[in-house]
Enquirer: 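Dropping the structure in here first, questions after.
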Amino acid sequence: MIELTNTIAFTPERLAKAQEMIARYPEGRQKSALMPIMHLAQEQFAWMSQDVMDYVASLLNITPVEVYEVATFYTMFHLEPVGKHVIEYCRTGPCVLMGGEEVYAHLTQKLGVKKGQTTSDGLFTLKEVECLAACGWGPCFQIREKYYMNLTNDKVDKIIAELSR
Amino acid sequence: MKILTEHINTPGIETFDVYRKKGGYTAVEKAIKTMGPDAVVEEVKKSGVRGRGGAGFPMGMKWSFLAKPEGVPRYLVCNADESEPGTFKDHYLMKNIPHLLIEGMIISSYALGANKSFIYVRGELMYVIHILEKAIEEAKAAGFLGKNILGSGYDLELIVQPGGGAYICGEETALLESLEGKRGNPRNKPPFPAVKGLYQCPTVVNNVESIATTSWIINNGGEAYAAIGIGKSTGTKLISASGHINKPGVYEIDLGVSCDEFLNSDEYCGGVRKGHYLKAVVAGGSSVPIVPGHLFLKTANGEDRLMSYESLSDGGFATGTMLGSGGFIVFDETACIVRNTWNFARFYEHESCGQCSPCREGTGWMQKVLNRIEHGKGSMHDIDLLVDISKKIEGNTICPLGDAAAWPVASAIRHFRDEFEWHIKEPIAATRPGAVYMKESVLV
């Protein structure tokens, strides 16, 4: 698990990036920067704790609840602590046709976790997600920005081994 | 005819220099230096190009609805939220040839008089967002974006906006809410975005593929575009092909190519995977009615079916389907229709925004009833119950997600009712791992 420090703050680079994002919308429409900044925050803090969400609200000068309501609507924001690698596995029809359920069964067995759980060593969190727009290259999952496609049991073994190193 | 994908395999085409060498940005020069905004709109109207996100509404007409009150900014928003199961063409286009979209955005923004335009990309595609942002920087450095483009006095800024993982944001008013930093709840219409859209200003929302066609249309003329295709299905269409075929991938077709050729020729899908039979097809993304293989290949009247808006919908929902987003999913005899229908129902339950009761409650009910049928616990009454729920959702919600959830269920029961009955009558056989109902007469 990633430990959060008590004082939540962006790194100087991310803060500059966030300010750039805020400035790009028309005057009075700065709230549009909310989701871009939330992605930036999750990149640094791994998950959206209340402290993180309150920090984001302070940057945009909006009420914290405006961040909470967005964080709970969209599925990409983690509302609980996550492992080092969050595996977001596509469970939708086209991937299933390509053997997605069999590969998923292999993956859960290998990691010893069910959906939503984190491995005891804190390395992997497994999430089931809906269609990732990679149907012709299924089965697939995503870890942060990277897509892993045309998955097979062997391929999954290799990916897990590599990320466990 | 390859309009969008002609250069997609050229090494380095994602860079400005290579794209430019292949004739890129000449359409921007032509539009801005030699045509006025109205002339650009006129060419797009003449092309007859229809919205490629799924609705198929003529793009030029959509543009002409844009209100133009004095002193109020207008916005163009590109819908790159591609989330319809079976659809991955915009993903493919943006990651491989980002400048085609950027060039289209410049032309379209110029035509509509927008000085700040947005590309709303689903958040999962963060790596594609970085590709687009790089392309924007390159275009800006070359003078095609920013202040006073090509010395014309026209200014344009492009912003790439990430989503957060919500299918509903592909609906244009939900997308606009999301872009304003809110939950993606679709808005009641009217007012339509053309009058009150982003920040309550006049707004046009177009799909990636639609916007990407504009450079070819400007270079070659709307009439040349309209000469490709068939009838009111003009031009080319990207089809994302997945499922049980030999060659899954993205293909650009002339609208009007026969369904048989698209499925079976080596130029496209290469046929149903070796040694298997065609059972069913979802021709335009998970929302459109599923049809048995024979009704995909031929209409109820026995005519060859074509990959066009009109031909695919021939026969209405009784025997036809829709072109939709071009998310083409093929099922062979090993696929269980009940399981797939349950899978899609689960998708819509998960993705319903919860605003309208018929959709919020109905999608959950359909998922639960399908779940119990799939797992051998259904009753015969459940089949009619599903049809009843689907009818009560359809047409009773403020956005099309309700219809999108209802149609796959209703069509699966319409065409594969005996498969549902088998799950109910033979629960032990039906729930054995890998068990699939076999009815050879339905296979092609």
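The sequence lines fix the lettering, A, B, ..., with proteins before strands; numbering per chain opens at 1.
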Enquirer: Heavy atoms only: give me the nearest B:Cys169-A:Tyr74 pair and the separation to one decimal.
Expert: SG-CE2, 3.7 Å
Enquirer: With a 6.0 Å cut-off (strictly less than), is the heavy-atom count around NZ of B:Lys134, excluding the residue itself, greater than 12?
Expert: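 12 or below, so no.
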Enquirer: Report the option among B:Gly327, B:Gly164, B:Cys353, B:Ser242 that has the most heavy-atom pairs separated by less than 4.5 Å from atoms of chain A.
Expert: B:Gly164
Enquirer: Taking the side chain as every heavy atom from C-beta outward, state whether A:Glu101 and B:Arg339 have any pair of such atoms under 4.5 Å apart.
Expert: yes
Enquirer: Using heavy-atom distances under 4.5 Å, tell me whether A:Gln142 contacts chain B through its side chain, its backbone, both, or neither.
Expert: side chain
Enquirer: Please classify the contact of B:Tyr75 with chain A as side chain, backbone, both or neither, using a heavy-atom distance under 4.5 Å.
Expert: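 Just its side chain gets close to chain A.
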Enquirer: Against chain A, work out which of B:Tyr167, B:Tyr199, B:Phe118 has the most heavy-atom pairs shorter than 4.5 Å and name it.
Expert: B:Tyr199
Enquirer: Counting heavy-atom pairs under 4.5 Å with chain B, which one of A:Met38, A:His39, A:Met21 comes out on top?
Expert: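 When all of A:Met38, A:His39, A:Met21 are compared, A:His39 has the most.
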Enquirer: So what's closer than 4.5 Å to chain A heavy atoms on B:Ser83: side chain, backbone, both or neither?
Expert: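 The answer is the backbone of B:Ser83.
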Enquirer: Under 4.5 Å heavy-atom distance to chain B, tell me which part of A:Glu88 shows up: side chain, backbone, both or neither.
Expert: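 Neither part; nothing is under 4.5 Å.
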Enquirer: Show the nearest heavy-atom pair for residues B:Pro85 and A:Cys135, with the distance to one decimal.
Expert: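 Looking at all heavy atoms of both residues, the closest pair is C-SG, 4.3 Å.
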Enquirer: Within a strict 4.5 Å, meaning less than it, do heavy atoms of the A:Arg24 and B:Gln161 side chains meet?
Expert: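 Yes, their side chains come closer than 4.5 Å.
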Enquirer: If I measure from the heavy atoms of chain A, does B:Phe328 come under 4.5 Å with its side chain, its backbone, both, or neither?
Expert: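 No part of B:Phe328 comes within 4.5 Å of chain A.
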Enquirer: To the closest 0.5 Å, what do you measure between CG (B:Leu198) and OH (A:Tyr25)?
Expert: 10.0 Å
Enquirer: Need one label for B:Ser178: side chain, backbone, both or neither, based on atoms under 4.5 Å from any heavy atom in chain A.
Expert: both
Enquirer: Please say whether more than 12 non-hydrogen atoms of neighbouring residues, nucleotides or ligands are located less than 6.0 Å from OH in B:Tyr277.
Expert: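 Check fails, neighbour count at 12 or below.
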Enquirer: Could you tell me whether A:Lys158 atom NZ has more than 12 heavy atoms of other residues or ligands within 6.0 Å of it?
Expert: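 No, not enclosed.
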Enquirer: Rounded at 0.5 Å granularity, tell me how far CZ in B:Arg273 sits from CE in A:Met98.
Expert: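 Atom-to-atom, B:Arg273:CZ and A:Met98:CE are 7.0 Å apart.
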Enquirer: What part of B:Lys182 gets closer than 4.5 Å to chain A, counting heavy atoms only: side chain, backbone, both or neither?
Expert: both
Enquirer: Mind checking whether B:Phe88 and A:Leu132 have side chains closer than 4.5 Å, heavy atoms only?
Expert: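 SC-SC contact between B:Phe88 and A:Leu132 ruled out.
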Enquirer: Can you tell me which portion of B:Phe344 sits under 4.5 Å from chain A's heavy atoms? Options are side chain, backbone, both or neither.
Expert: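 The answer is the side chain of B:Phe344.
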Enquirer: Are any non-hydrogen side-chain atoms of A:Tyr147 and B:Lys95 less than 4.5 angstrom apart?
Expert: no
Enquirer: Please state whether the side chain, the backbone, both or neither of B:Ile168 comes within less than 4.5 Å of a heavy atom of chain A.
Expert: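 Just the side chain, heavy atoms under 4.5 Å.
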Enquirer: So which bits of residues 28-36 of chain A come within less than 4.5 Å of chain B, counting non-hydrogen atoms only?
Expert: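 If one takes a 4.5 Å heavy-atom cut-off, the residues of residues 28-36 of chain A near chain B are A:Arg29, A:Lys31, A:Ser32, A:Leu34, A:Met35, A:Pro36.
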Enquirer: Side chain from CB out, backbone as N, CA, C, O: work out which of these in B:Val160 comes under 4.5 Å of a heavy atom of chain A, or both, or neither.
Expert: backbone
Enquirer: Of the non-hydrogen atoms in A:Glu130 and B:Phe347, which two are nearest, and what is the gap between them?
Expert: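 That closest heavy-atom pairing would be OE1-CD1, 3.4 Å.
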Enquirer: Using a 4.5 angstrom heavy-atom cutoff, name the option from B:Gly249, B:Ala166, B:Pro73, B:Gly86 with the most pairs to chain A.
Expert: B:Gly86
Enquirer: Taking all non-hydrogen atoms of both residues into account, name the closest pair between A:Phe73 and B:Gly184 and its distance.
Expert: CE2-N, 3.2 Å
Enquirer: Taking A:Arg91's backbone N and O only, do any of them form a donor-acceptor pair with B:Asn343's side chain (distance below 3.5 Å, no angle check)?
Expert: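 Between the backbone of A:Arg91 and the side chain of B:Asn343 there is a qualifying donor-acceptor contact (under 3.5 Å).
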Enquirer: Can you see which heavy atom on B:His350 is nearest to which on A:Thr75, and at what distance?
Expert: CE1-CG2, 3.6 Å
Enquirer: Taking B:His130, B:Glu351, B:Glu82, B:Lys247 one by one, which has the highest count of heavy-atom pairs under 4.5 Å against chain A?
Expert: B:His130
Enquirer: State the SG-CZ distance between A:Cys131 and B:Arg122, to the nearest 0.5 angstrom.
Expert: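 Rounded to the nearest 0.5 Å, the SG-CZ separation comes out at 6.0 Å.
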Enquirer: In this structure, which one of B:Val282, B:Ile329, B:Asn340 forms a side chain to side chain contact (heavy atoms under 4.5 Å, CB included) with A:Pro94?
Expert: B:Ile329
